[in-house]
Engineer: 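A single structure is presented below for examination.
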Amino acid sequence: MKSIEEQLKIIKRGVVELIPEEELIAKLKEGRPLRVKWGADPSAPDIHLGHSVVLNKLRQFQDLGHKVIFIIGDFTARIGDPSGKSETRKPLTPQEVKKNAETYQEQVFKILDKKATEVVYNHNWLSKLNMEDIFNLAAKYTVARMLERDDFMNRFEKERPISIHEFLYPLVQGYDSVEVKADIEVGGTDQKFNMLVGRELQRDYKDKTQVVITMPQVILTMPLLEGTDGVQKMSKSLNNYIGITESPAQIFGKTMSISDDLMMRYYELLTNENLEAIKQLHPKEAKMKLASILITKFYNAKEAQKAAEGFDAIFKQGGTPEDIETAVVAKKELNIIDLLSETKLASSKTDAKRLVGQGGVSVDGEVIKDEKQTVSLDRERLIKVGKRRFLKVKNA
RNA sequence: GGAGAGGUAGCGAAGUGGUCAAACGCAUCUGACUGUAAAUCAGACGGCUUACGCCUUCGAAGGUUCAAAUCCUUCCCUCUCCA
């Protein structure tokens, strides 16, 4: 095991806040594998680069000999979180949760070391709490303190609804820390409040759980990664994400489309590259390198190489990518509009007409201007919509 | 329980009987320019139709009217103040 100093150096890389550092040092001095908690809600099992910031940190802990306790928030996912206003997230069935949780794990273990990870489901203890337990839990915190949380305060000030049970979420998450006897909890800066609640609850429940917790969990917050738009945090609902299960070509393309400023941010949070050295590169070269690093991480170096070559082929030489999907259409010949809508390249016929009218559609490299044009499928045709959507179409 | 305000397209926000498929902003999409970047500029942005036009949309359901996002009734939901 590395020295305390070495461990601290690695642990602190990229971290926003470490609360409190002295306690972490004290824990590290005990020389045992620490229990590092990380919780996830399996309602949308799609991990993207934003999540990977925290996952990388967890992996670092594992590489230092510590253990990750991965809590799958299946209980909370089943209840549903109504933070949106019109679209109350519908509660998931146990089957859905189970399926999501499995998918989630597959993705998580692209980054985490399975051997050093303990996977637990929080329904195991949460579903056993009775009304009395819940009252006790709820009594630990006050409304004023709950409203300290940014998210709640904002909504409160903007006169947006906050449901009572949402106040329970931080408590429940904190209670998880009690159950799993966490030494450290890692999360995004948006989780700071919830994680701090965990600290307090661990102190409060010290006697009840009969666990000797010398010190409550240490909090470690990681920055929230901006999405490809460079402004808002990466999230699936904003459609500004790069998912780790996306194809190498997609990851490459999306990475290339981010702004130069954002690129440096990604380098900082997602790689271990020397930032000064990167700044010396031509921005385009640097961006291609970043894309390759990411693909190597989620796939392998070969795929990264392939994606880079494919990218060059398309955009430098005006060619097309190699792995284009092929759609099969029943008819031998059909109108370009129908073709676009049937292959889902356009969301509707009106949309298809718009695209053609704006010169955004080409077949076998030829731009189609006339929306009445028919496309014969006597052989495979290559359809291109916009700058980066390709589809091969052939007759069945 | 009482009083008041409000629910409009992905989001924010105008619109208070016909000229409303609904201004404007953001997001998105397409084109130009580029490094498939950003920024900028131009255009599009409910659906169906070659088109005239037709159909569906303004919390929900009914109703008034030649005509409703706009008026009436009931219901659902949110916020504020009082208790």
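In what follows, every chain begins at residue 1, and chains take the letters A, B, ... in the order their sequences are listed.
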Engineer: Could you tell me how far apart A:Arg354 (CZ) and B:U28 (P) are, to the nearest whole angstrom?
Structural biologist: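 Answer to the nearest Å: 16 Å.
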
Engineer: Considering heavy-atom distances to RNA chain B, does A:Phe252 or A:Ser341 have its closest nucleotide positioned more toward the 5' end?
Structural biologist: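 Its nucleotide being nearer the 5' end, the pick is A:Phe252.
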
Engineer: Which pairs count as ring-ring contact (aromatic ring centres under 6.0 Å, His included) when at least one residue sits in residues 262-282 of chain A, sequence neighbours excluded?
Structural biologist: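 Checked against ring-ring contact (aromatic ring centres under 6.0 Å, His included) - neighbours excluded - no pair reaches residues 262-282 of chain A.
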
Engineer: Kindly state whether the ring of A:Phe167 and the ring of A:Tyr141 have centres lying under 6.0 angstrom apart.
Structural biologist: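 No, they do not, as the ring centres are separated by 6.0 Å or more.
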
Engineer: Between A:Lys331 and A:Asp338, does any side-chain N to carboxylate O distance fall below 4.0 Å?
Structural biologist: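 Salt bridge: no.
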
Engineer: Reading RNA chain B from 5' onward, which residue's closest nucleotide shows up sooner: A:Gly359 or A:Lys287?
Structural biologist: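 The 5'-side residue here is A:Gly359.
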
Engineer: Does B:A22 have a Watson-Crick or wobble partner in any strand here, with both distances under 3.5 angstrom, and which is it?
Structural biologist: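 Base-paired to nothing in any strand shown.
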
Engineer: In whole angstroms, how far is the P atom of B:G35 from the CD1 atom of A:Ile258?
Structural biologist: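 In whole Å, B:G35 P and A:Ile258 CD1 are 18 Å from each other.
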
Engineer: Take the protein atom CZ of A:Arg155 and the nucleotide atom P of B:U78, then report the distance between them rounded to whole Å.
Structural biologist: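 Nearest whole value for this atom pair: 13 Å.
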
Engineer: Using Watson-Crick or G-U wobble geometry with both distances under 3.5 Å, which nucleotide pairs with B:C79?
Structural biologist: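 Partner of B:C79: B:G4.
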
Engineer: Under a 3.5 Å limit for both distances, which nucleotide forms a Watson-Crick or G-U wobble pair with B:A38, could you say?
Structural biologist: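 When the pairing criteria are applied, nothing turns out to pair with B:A38, so the answer is none.
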
Engineer: Got a donor-acceptor pair under 3.5 Å from the side chain of A:Gln358 to the base of B:G43?
Structural biologist: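 It does, because a donor-acceptor pair links the side chain of A:Gln358 to the base of B:G43 below 3.5 Å.
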
Engineer: Nucleotide by nucleotide, 5' to 3', does protein get under 4.0 Å of the base (B), only the sugar-phosphate (S), or neither (-) in nucleotides 49-54 of chain B, counting heavy atoms?
Structural biologist: B-----

Engineer: Would you mind pulling out the nucleotide paired to B:A67, Watson-Crick or G-U wobble, both distances under 3.5 Å?
Structural biologist: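 Base-paired to nothing in any strand shown.
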
Engineer: A:Asp183 and salt bridge (charged side-chain N to carboxylate O under 4.0 Å, His left out): which partner among A:Arg32, A:Lys67, A:Arg35?
Structural biologist: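 So, applying the salt bridge (charged side-chain N to carboxylate O under 4.0 Å, His left out) to A:Asp183 and each of A:Arg32, A:Lys67, A:Arg35, only A:Arg32 qualifies.
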
Engineer: With both distances kept under 3.5 Å, what pairs with B:A60, Watson-Crick or G-U wobble?
Structural biologist: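 Paired with B:A60, as far as the under-3.5 Å criterion goes, is B:U74.
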
Engineer: Let's test this: given Watson-Crick or G-U wobble pairing with both distances under 3.5 Å, identify the partner of B:G43.
Structural biologist: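 Paired with B:G43, as far as the under-3.5 Å criterion goes, is B:C29.
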
Engineer: Could you please name the partner base of B:G17, counting Watson-Crick and G-U wobble pairs only when both distances are under 3.5 Å?
Structural biologist: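 Its partner: none found.
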
Engineer: In the structure shown, which nucleotide is the Watson-Crick or G-U wobble counterpart of B:U50, with both distances under 3.5 Å?
Structural biologist: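 Base partner found: none.
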
Engineer: Between the side-chain atoms of A:Asp260 and the base atoms of B:G35, is any donor-acceptor pair under 3.5 Å?
Structural biologist: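 When only heavy-atom distances are counted, A:Asp260 does reach the base of B:G35 through a donor-acceptor pair under 3.5 Å.
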
Engineer: On the 0 to 90° scale, with breaks at 30° and 60°, tag the A:Tyr241-A:His48 ring pair as parallel, tilted or perpendicular.
Structural biologist: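 It falls in the tilted class, 30° to 60°.
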
Engineer: With a cut-off of under 6.0 Å to the ring centre and 45° to the axis, is A:Lys306 in cation-pi contact with A:Phe252?
Structural biologist: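 Judged by the rule, A:Lys306 and A:Phe252 form no cation-pi pair.
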
Engineer: Name the orientation class of the two ring planes belonging to A:Trp38 and A:Tyr104 (parallel below 30°, tilted from 30 to 60°, perpendicular beyond 60°).
Structural biologist: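 Judged by the thresholds at 30° and 60°, the geometry between A:Trp38 and A:Tyr104 is tilted.
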
